Amino acid sequence: METRKVPPRKDGRIIIHFDYDCFYAAVFEAKNPSLKSLPFAVQQKQIIVTCNYEARRRGLHKLQLIREARKVCPDVIIELGEDISRFRDASKELYKFIRAYSWNGKVERLGFDEVWMDVTDMVDYNMQLLNPHNLAQSFFQTSQDDPMSGFNFDATALAGHPYPVEYTSQQQDLVVQDRLTLRLHLGSHLALYIRHALEQQKGYTSTVGISTSKLLSKLVGNLNKPKGQTTVMPPLAASDHGLGNAQLFMDTHGIGKVPGIGYKLATLLRSYITQRPPDYETDLVYGGKPEIVSVANVRNRSSVNPAMLEKLLDGPGSPHGIGYKIWCLLHGIDDTEVAQAKPVPSQISIEDSYIRLDTMPEVLRELTTLARSLLARMRIDLLAEDGVDEPAGVEDGGHEATITTSTLKKWLAHPKTLRLTTRPRQPLQPDGTRVRSFKRISHSSPVPNFVFILTESIDILAEKLVRETLVSMFHKLHPEKSGWNLSLVNLAVTNMAETGGDSKTARGRDIGSMLRRQDDVLRDFKVIEEDDVEEVPPSRLTGLAHRAHENGRVRDRSMRKDDVPKDPNIKVVDEVEEATPTNVVEIINDGEHDGGGTNGSMWQDEQEDGEEEEEEIRFDSDLQSCVDCGMQLPTFAMIAHRRFHAPS
DNA sequence: CGGGGGGACT
DNA sequence: AGTCCCC
């Protein structure tokens, strides 16, 4: 009984999940907009990896064989997308664009086309700026330093679609009773604002989900794509009235659709529920058939509980506590944090696949090619201009011979481990069939120091790396002289040792932005300091700011390719036109008209007439001291500030 | 069917 | 070094 207790919800965060619409196709379309109106698809080897919505309208879909695609839609335009550097570059550019809006640096990429952003601090800050008596004419401040930059919006309305669809907000008690609804409204308007910026300034459309966790925000976005956005609305938790919306939403999903439940776990869970071995015809999801086993099926089975799930799902390679984690996912609970933006990747890997690779000369050639690519990538992703803490960027990418400017560059991190991975094909069975295997084997060794020499050319270094390191690693993996029949080779550097240094880390940058924000808060405080000289004398303000600064500095030292198509269910027929709330027009126009509009800043209103008594009281009485660093802040800023001290 | 990644954990 | 997970 109590072993089946529903885990507690923690809905204190607001998280936005972005998913760029048909990303690979969009990268081509961004360069060649005429493709947008034509059926267009991107090919890797023998399959369509993605296609635009015009192509989908004509019956094409992801992971379709090229032959089939041409048969269904003979006039489809197809581009080869096996060189993924352009996608990687575009992905980084869009990621940086989105990250620039963040105040707390919690912006995490998944693959090339998804980004989570934890906007709790922005939302809560702006909650304090709301005028409870005129929510319909609100202003969202998007910059910590500039109270003028932001957008007008209607805080009584949600931007985009709600889940459930029939949801209507109870406007009367928005502020007092249902603070979460109001916070989600703010999150949805911020999401819309960033999404439109992405489209207008970068040319990419996206689909967005808004909720209180990574899990729910990612899943709920799927309800309105492409170029739509959806928010899971309260009540999220269960009550006397029935299931909460979080559970209602999770229950509709096939078990394998839940992020965190992959092929292996889904297969085990399905077999447990059906009490039979997997049947790929009925259990899986080709052609839009729903999965036969849903989240509700698993969750409602009385024998299912965290301990049981732990036993069922535990195995080599699976983490401890998996049973409880899955139990939480089934209930729509995911407390994992959006990761802080990292200054350097934790791994760089290059791979290629082959029809057949089994002689030493071929292997040497491929290893050299991969090594060249790897060294080039290291110089792109791990190098910064001297005195600049951003990676060097794409402009110097991959041009091995041009090292003349290298004296200006500096390594942000030194990977310590070099790893060589191969995937041998299984030999033919006696009956002539082949067991398909995705098993990889790998061998690691220390990264030799010479790869960091910037005055030497990448070609020379790559050959040296093959000769002195990779060949012997390869022999450890494959002692036989030949006949390995490799289908894949992967070369990677991992185990990044960041070049310590001051303010070179994301943490350091975060402290910097934190301090700017606090300066802001303190400056805003001066507006009302006349009313309360005792508590915050102007002379002390600078002292506090100074102390805050010192404190910051001290701290600173201190399936396998899936055997199952990942999204076989795509059956989008038409582009969904975003149900555009009226305030969208204001939002779009906001950047263009003069910043000082009618309600452009609540600060101004307060400064000019001071008639909003509630506001005055709030600002006068709420100074608190941080127990960690002693900084004095108003309550609303303390919320974000405490998160800054929290272990990440 | 099947590309070229990336990350967490044991 | 291998097994999971994700796109």
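Computed from a prediction, not measured in an experiment: that's the story for all the values here. To find a chain, count down the sequence lines: A is the first, B the second, and so on, and within it residues start at 1.
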- Message: Rounded to whole Å, how long is the line connecting atom NZ of A/K92 with atom C1' of B/dG5?
- Response: 12 Å
- Rounded off to whole Å, could you give me the NZ-to-P distance for the A/K264 and C/dC4 pair? 4 Å
- Query: Between A/S353 and B/dG2, is there a side-chain N or O to OP1/OP2 distance below 4.0 Å?
  - Reply: no
- Query: Given atom CD1 of A/I66 and atom P of B/dC1, what is their separation to the nearest angstrom?
  - Reply: 17 Å
- Remember a base hit wins even if backbone is also touched, and classify A/V42 as base, sugar-phosphate or nothing at under 4.0 Å, heavy atoms. nothing
- Is A/K218 touching bases, backbone alone, or none of the nucleic acid, heavy atoms closer than 4.0 Å? sugar-phosphate
- Message: Using a 4.0 Å heavy-atom cut-off, does A/R67 contact any base of the nucleic acid, only the sugar-phosphate backbone, or nothing at all?
- Response: nothing
- Check whether any side-chain N or O of A/S444 sits under 4.0 Å from OP1 or OP2 of C/dA1, and answer yes or no. yes
- OP1 or OP2 of C/dG2 under 4.0 Å from side-chain N/O of A/R440: no
- Message: For B/dG6 and A/S346 - does any side-chain N or O of the residue sit under 4.0 Å from the phosphate oxygens OP1/OP2?
- Response: no
- Would you indicate whether A/E480, at its atom CD, is surrounded by more than 12 heavy atoms from other residues, nucleotides or ligands within a distance under 6.0 Å? yes
- Message: Heavy atoms within less than 4.0 Å of DNA chain B: which residues of residues 16-31 of chain A have one? Give them sorted by number.
- Response: none
- Message: Whole angstroms only, please: what is the CD1-P distance between A/I326 and C/dC4?
- Response: 13 Å
- Report which part of the nucleic acid A/I350 touches: base, sugar-phosphate, or nothing (heavy-atom distance under 4.0 Å, all strands). sugar-phosphate
- Task: Using a heavy-atom cut-off of under 4.0 Å over every strand shown, decide if A/L65 touches base, sugar-phosphate, or nothing.
- Result: base
- Task: Could you pull out all residues at least two apart from A/E68 that satisfy salt bridge (charged side-chain N to carboxylate O under 4.0 Å, His left out)?
- Result: none
- Message: Taking A/E54 first and then A/R58, would you say they form a salt bridge - that is, a charged N and a carboxylate O separated by under 4.0 Å?
- Response: yes
- Polar contact flag, side-chain donor to acceptor under 3.5 angstrom, A/R109-A/S91: yes
- Task: Calculate the interatomic distance between A/R419 atom CZ and C/dG2 atom C1'; express it in whole Å.
- Result: 10 Å
- Query: Are the aromatic rings of A/F40 and A/F28 close, with centres under 6.0 Å apart?
  - Reply: yes
- Would A/E199 and A/K227 pass as an ion pair if we require N to O under 4.0 Å? no
- Message: Rounded to whole Å, please give me the gap between CZ in A/R88 and P in B/dG3.
- Response: 17 Å
- Query: Between the side chains of A/S294 and A/H253, does any donor sit under 3.5 Å from an acceptor?
  - Reply: no
